[in-house]
Novice: 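First the structure, then my questions, so here it is.
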Amino acid sequence: MTFGYILSICTFASIYAILILGLNILTGYTKQVSLGHAAFFAIGAYAQALLVTKAGLTFWSALPLSIVLSMAIGIVMGLPSLRVSDDFLVLTTIGLNFIVMGITEYFDFFGGAMGIIGINVPSFMGHPLGTTGYFVVTLIFLMLAIYISYFFSKTWGRLAMEATGEDEQAAQALGINTALYKIYAFALSSAFTGLAGALWAHSIGSLFPRNFSFEMSVLFLSMLVFGGLGTIRGAIFGAFFLYLLPECFRFIESYRMLVYGALLTVIVILQPNGMLGRGGLLDGCFFKLKKRGTETQGISKMG
Amino acid sequence: MLLQTEEKRNGNPRNIEDGVILSLRGVKKHFGGLKAVDGVDMTLNKTEILGLIGPNGAGKTTLLNTISGLLMPDGGEITFRGISITSLPAFKRAKLGIARTFQIAKPFGLLTVEENILIGLGCKLHGHISSLFQNCRKQEILQKARDIINMIGLYDCKDQPASSLPIGLLRKLEIGRALAANPSLLLLDEPAAGLNNQERNELAGLVRTIREEGISIILIEHSMSFVMNLSDRIVVLHRGRKIAEGSPSDVANDPLVIEVYLGTKGGKYAS
Amino acid sequence: MLLNVQDVEIAYGRIKVLWGISLYVGDSEIVALVGANGAGKSTLIKGIMGLVPLQRGSITFSDHDVSKKPPWEKAKMGIAYIPEGGRVFPDLTVEENLMLTANLRKETLNVKAQLDLIYSLFPVLKERGFQKAGTLSGGERQMLAIGRALMSKPKLLLIDEVSMGLMPKLVTEVFETLKSLKAYGISMLITEQNVPEALAISDRGYVLENGRISLGGQADELLKSERVKTSFLGL
Amino acid sequence: QQTVKIGFITPLTGFAAADGYSSLESAKLAVDYVNEHGGIKGKKLELVSYDDACQPDQASALTKKLIENDKVVVMISGSYSSPSRAAAVICQQAKVPFTSTYAVHPSIVEAGEYCHRIGMAAPIQGRTGGYFAARELAAKRIALLIMNNDFGVSLAEAFKETAIKLGAQIVYEKKYPLGETEFRSYLNAIKAANPDLIYAPGYYNEAANIVSQAREVGLKCWLMGDEGYDSPKFIELAKSAANGVFITTDLNRDSDRPMTQYFLKNYKKRTNIDADMVGASAFDAVMLVSHILNKVGTDANKIIQYWDTIKNFEDCATGPILMFQNRSAIRPMDIQIVLNNKFRYFYRYYEPEVIYLGKGSEGK
Amino acid sequence: MLQLLVDAFVLGCSYALMAVGLNMVYGLLRIIHVAHAALYTLGAYVGLYCLYHLSQSLWLSLTLGAVFPALMGALMYRIIYSPVLSAPRYVALIAGAGVFIASQEFYRLIAGPYPYPFNAQFKFLSISSSHLNVTETQMLIITFMVCAFLCLYLIINNTNLGLMWRACTQDMELAASSGININLIIAINFIIGSALAGSAGVLMALYRNSVFPTMGAMVSYKAFVVVVLGGFGSIPGAAIAGILLALAESLLGMVPFFNLPRDAIAFLVMVLVLMFKPKGLFGR
Ligand SMILES: Nc1ncnc2c1ncn2[C@@H]1O[C@H](COP(=O)(O)OP(=O)(O)OP(=O)(O)O)[C@@H](O)[C@H]1O
Ligand SMILES: Nc1ncnc2c1ncn2[C@@H]1O[C@H](COP(=O)(O)OP(=O)(O)OP(=O)(O)O)[C@@H](O)[C@H]1O
Ligand SMILES: [Mg+2]
Ligand SMILES: [Mg+2]
């Protein structure tokens, strides 16, 4: 059986699902379209890698620190969103990819072009985790992320973020400090993304700046939009589907990405609200966390 | 002509200090070279409905924006319930109890009617870090939301996304959302625009009910029958300045107001 | 008959908004279309102009079937549309706004004469000729919108809510202008919230309710009818 | 079991697809050669290859797939350092012998005793360049224009150390990112620094631009590159500006060794393109692996034990592999020069101090 | 120094040529047209094909390298963008990204993964003196860009077509009902923008002497920076910002020990500018 392979693919897909859940808070709820999540991902991964390799922490003790660190940097990176809006923000987030890549590549503290090597396999109660063990760990974190997302989707915070995303002036007139909520969204989103990055770093074992490219950010946004912006089930579905899709096309080997790109285009055109978004092809096929109408779907203008 | 009005206004100072909820002193707002609001003094009493009228582009909406905090005034002072709010941002003013609607309705289109109201109900809580943890769908909160939805008569569409509502219902939704924020001052920007007479009458009823709850209201309208009937007092703006103030009939008879705003047929509102 | 609308149905996505609408506009006639919010007045006007596709039904203009024609071809045939809220091209100057439509029909039109006519109707536009349209006041914009529509010497004007958001003084002026246009042989289909004033300048009228025409007839008769009185005049 | 399978990962899509194509075709060429000459102890050799798109996550998952599903006995990575390292770690865990082909990052062999390298270790190649520049060419003033990835940086470090040791002076040093096309501003600054030689470690795509723009801005000094230049594409792209450029490499096109000529001729026949260094490395990897498999069979432990004892392996397209030191191949180092739009043999180092890994940090 | 300015100017021309097409599409449809870079690469490949199989003439390959992408651009609008115009705008962005990914793979499958040299022989002006050395290719790029921008500027500001185009950028629906054939205008818009991208592809292929499947990627990101700096929708802005950006990059590249890559510098500059001018340098 190809157990290890499937587990390994699913580990990565779960990691991406955690990330997309984070992106959903920022882009799905707060409507701050981000094409820079590979940068946030890199920050989580690098934070964890540095803590583990340079500071000598274990996986478990480094993880909370990485998340907090990602969150803190996420807040700083979110500051432009207070001044810049709409498409300008999209472009700014694109810039984050290149800036973070440039910085990790050009400062030896971050390993520079030689990358960071030897991020050890985490162990649990003294035993190193194998493929299966690590998959279970990722899965647990994914469950946790889903739970937190679900819980968050019922809070005032989410309502305030959605209001901020829809119309800032109207939101302010109702007592919502829109700047604060954008920052909250960046913080939460980068915390999720940082967690995903940290998990990713351990499953690869080494990091290179070019692993976190702009193309990856495009993939992340595609995953979210493909699944259904603003929905938890859509985020998870999109991450798994779009990550596994190219794997399914292995048999056509070098035509794989051609088909993938074309399929992505066709599906987004046919299903602009996402497969699981409102009116999506699979809307209603999967169990919904809430009854129809209370969970809102992403069909608004950008930004 | 202008002078005459100034005199007249200064001649009848209204002594309402104790009941004052909002007062503006010399409020200015400029856009580049354009003086959209150019030194306006105004007061609003408790449970009063103040009509704000004036030609297109007179600066009414701009003035309202400076009161609600969406625009920061370039000069002057605004006091609300004895507190100077001149430099407070909009969301803080909302928490103090200033709620508003918009000339071009701004619903949260993707959210349902109920969620729109919930956002209003959360006014005091928004911004606290605890808002990220607190459930907004507790029974008593939903009940409150339902009461307001009933009051504005939107119960049938409470689970529809707001973007699917027609203008008339949107305006009601906006008012409901503003009321949910539990304001003591409500600013209405042309709530009757785009409504027919029957709907206007319903709306007028709603506005009166709100006033009876003890909420003061500033009302911008171009529909003379609507604003004349509802208002206790009317302020007329022209080119960013206040050119008249007084009871509806006084204002309707003011020759300057007739000239710049009402037109020749203006006299018919005088009664 | 200048415009004949037969059995038109329009939907936004899956939601049907108009059901079996039939109406006509004769030569040099002003027809008012009144109805509550969301009744579908704007939708009907857009449908006639071709800005939203028809699901069913046909529209003929000067005996040509125009049901499937795109808006620009209808514009060339002589239909002009004035949308809600005095929409103009904000970054073009007043004169550019006016010339834009006229230029398209340069061959058949005396552009200069037409421009002079507009300026004589709305002298204020001449003063503002080189100002960006976005900087005009609400009323001036509304005049520009009308002027822009008139530039192409249309046979039919479709006007959506011309008085909305205008101050009382301007409402009167604008309606008087519209009425005077009849003298140039222009027909009009106007929608209005301001029912009495609209019916006052109209020859005929239709009442639209929930996407269906519930009443139609001579304007003065409509004004007197119980239905209009109760639901629109608040009497 | 009818065949002996070896696993191969390489980028066939994305930005590194050209290198992936070269290495895959070369590996297939080698497999065909082996099978024509008796296969592995009578069984056919089979290459199972996947596209890793140069992504480490795909590389690690695919390596698992190759090991578990396809039951490969040896893994070869025809990919860049980041995916190679990810694959190496998996192979080390699974105790499957692994070798990288042209990836230079030191950490690949550091993953453990199962991991080897066929290509030249960066410290050796950089050092060779340094010797050639500072000793043979007697360059005193040297400018460095470095591709900023593990390849360029590790070459540059070794070069710099050697050149300084031999008395040269670094008058300019700058890194540029992968994919850069515009070098005029760097080159103008270099011109102002007036060097005797420019050492610009990187790949041929960027190098072609560097070289032709250097000539365009009027730089008349020596230009020196590395095995990344070693592709006929370099000469095609740089046109006449390529002439006179020195490179360090291990594919000697002028060699009369039969395997080298076999590779060059048959690669061209197979793909209608001239062979490059990347392909040669992949070819050699398959040749070496099949040699080992023929010797000791498919047992992983025997394979790696034997691997470390290999001496003077001649059946490869590049210069003979003298031995494996710290699991990295050691071979004589060639300097080639572009003359008349062809890579020509110029100089060869056998000196141990040049071609063997040192005792220090570079040994790892 | 003068040499540096000229080199940077040529680079800036390539940015500007790409940025203009992006900007025109953005101005009209508010779409971030990622697939624009695919047309750049297409131009280069078509030009290459011409050169190898049709004629040695650069002029023919430049012409076809502009015409073919122009048609593809118009087609792309019809097939990819027009169905999603009413959807949220990131949908068009992702659809474009999908096309971009697929196109790169397509070129690779058709032409192979290797870079091709672009050896065109042509005669053009050149300057070579001891202070300043402007090659024929550089001259050609500068001339082309100056002519293209001048034409575009004149068309937009002085012709009826330009007037209609400007009207469409402001209010599409109103434009349609004023008698403007908006489909035609959009098609022309895509044709001009894509032709510029395609010819930029050919010119850069000539300048760099290489054509490869992923050559569009970096240029398009740079073009985004230029578009933002110049202000969305502003064509002179794009031209000026393209040249300024290239200058800034080149000058910063001269500073010793400042080793951040150009791309990072470009985006850093962009973010900083946006912090102070949230609508770009020349944005409205
Ligand atoms: N953000 C802005 N920037 C520049 N000018 C503005 C801005 N907002 C309003 N103005 C100008 O200020 C003046 C007053 O506008 P305001 O919206 O307050 O008018 P109003 O009295 O509400 O008119 P109406 O009755 O038409 O709504 C107008 O001339 C308007 O063009
Ligand atoms: N773009 C749209 N998408 C979906 N539904 C729409 C759209 N535009 C209008 N509708 C719906 O169609 C119905 C008719 O709208 P329309 O604007 O034609 O009404 P109206 O009579 O002009 O009303 P008003 O007086 O508000 O202008 C309304 O229920 C409205 O919600
Ligand atoms: Mg207003
Ligand atoms: Mg309407």
Side-chain angles (χ1 to χ4, degrees), chain C residues 12-13 42 45-52 69-93 95-106 108-109 111 132-134 141 144-145 147-154 156-160, chain E residues 23-24 26-30 74 77-78 82-88 91 152-189 230-238 279-280 282-284:
Chain C
Y12 290 108
S42 308
I45 296 249
K46 285 185 181 177
I48 295 173
M49 193 64 212
L51 294 168
V52 291
K69 285 220 158 57
W72 49 90
E73 287 186 16
K74 291 184 187 169
K76 287 183 187 162
M77 293 175 71
I79 307 183
Y81 165 64
I82 303 177
E84 256 169 316
R87 250 157 76 192
V88 291
F89 299 110
D91 285 337
L92 300 186
T93 64
E95 191 155 320
E96 278 174 335
N97 261 288
L98 293 172
M99 293 307 282
L100 186 70
T101 16
N103 275 343
L104 293 166
R105 307 183 65 200
K106 261 192 294 227
T108 56
L109 218 61
V111 177
K132 288 235 163 116
R141 269 178 187 234
L144 178 58
R148 205 178 45 74
L150 290 177
M151 268 312 272
S152 62
K153 218 169 180 180
L156 174 68
L157 267 182
L158 305 173
I159 311 178
D160 201 3
Chain E
N23 222 344
M24 286 172 70
Y26 186 85
L28 207 53
L29 303 173
R30 308 286 127 135
Y77 164 71
R78 281 301 303 157
S82 74
V84 293
L85 281 186
S86 54
V91 171
L152 209 55
Y153 191 81
L154 290 179
I155 290 177
I156 285 177
N157 285 308
N158 293 333
T159 65
N160 211 354
L161 180 68
L163 186 59
M164 293 197 279
W165 184 85
R166 278 186 290 151
C168 284
T169 60
Q170 294 167 31
D171 193 331
M172 199 74 94
E173 196 177 82
L174 191 57
S177 42
S178 312
I180 298 173
N181 185 341
I182 53 172
N183 284 345
L184 190 69
I185 298 285
I186 295 175
I188 292 176
N189 183 66
F232 275 124
S234 156
I235 286 174
K279 300 268 175 223
F282 306 94
R284 275 175 255 133

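Just so we're on the same page: letters track the sequence lines, and every chain starts at 1.
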Novice: Among the options C:Glu96, C:Met99, C:Met151, C:Met49, pick out the one with the most heavy-atom pairs lying under 4.5 Å from chain E.
Specialist: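 Top count of heavy-atom pairs under 4.5 Å with chain E: C:Glu96.
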Novice: How long is the straight-line distance from CG of C:Asn97 back to OG of E:Ser178, given to the nearest 0.5 Å?
Specialist: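 CG of C:Asn97 is found 8.5 Å from OG of E:Ser178.
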Novice: Side chain, backbone, both or neither: which part of C:Ser152 has a heavy atom under 4.5 Å from chain E?
Specialist: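 The answer is neither part of C:Ser152.
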Novice: Tell me every residue that passes salt bridge (charged side-chain N to carboxylate O under 4.0 Å, His left out) with C:Lys153, counting only those two or more places apart in sequence or in another chain.
Specialist: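 Partners of C:Lys153 by the salt bridge (charged side-chain N to carboxylate O under 4.0 Å, His left out) criterion come out as none, since no residue qualifies.
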Novice: Side chain, backbone, both or neither: which part of E:Ile182 has an atom under 4.5 Å from a heavy atom of chain C?
Specialist: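 Interface part for E:Ile182: both.
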Novice: Taking heavy atoms only and a threshold strictly under 4.5 Å, list by residue number the residues of residues 158-169 of chain E that touch chain C; give 'none' if the list is empty.
Specialist: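 Contacts with chain C: E:Asn160, E:Leu163, E:Met164, E:Arg166, E:Ala167.
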Novice: Report the residues that fulfil ring pair (Phe, Tyr, Trp, His ring centres under 6.0 Å) with C:Phe89, sequence neighbours left out, ordered by chain and then residue number.
Specialist: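 In terms of ring pair (Phe, Tyr, Trp, His ring centres under 6.0 Å), with neighbours along the sequence ignored, C:Phe89 is linked to no residue.
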Novice: Which atoms of C:Leu51 are under 4.5 Å from chain E, going by heavy atoms: the side chain, the backbone, both sets, or neither?
Specialist: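 The side chain, not the backbone.
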Novice: Using residues 69-76 of chain C as the side-chain source, report each donor-acceptor pair under 3.5 Å to any protein atom, sequence neighbours left out, with the distance given to one decimal.
Specialist:
| residue | atom | partner | partner atom | Å |
| --- | --- | --- | --- | --- |
| C:Trp72 | NE1 | E:Asn181 | OD1 | 3.3 |
| C:Lys74 | NZ | C:Ile48 | O | 2.9 |
| C:Lys74 | NZ | C:Val66 | O | 3.4 |

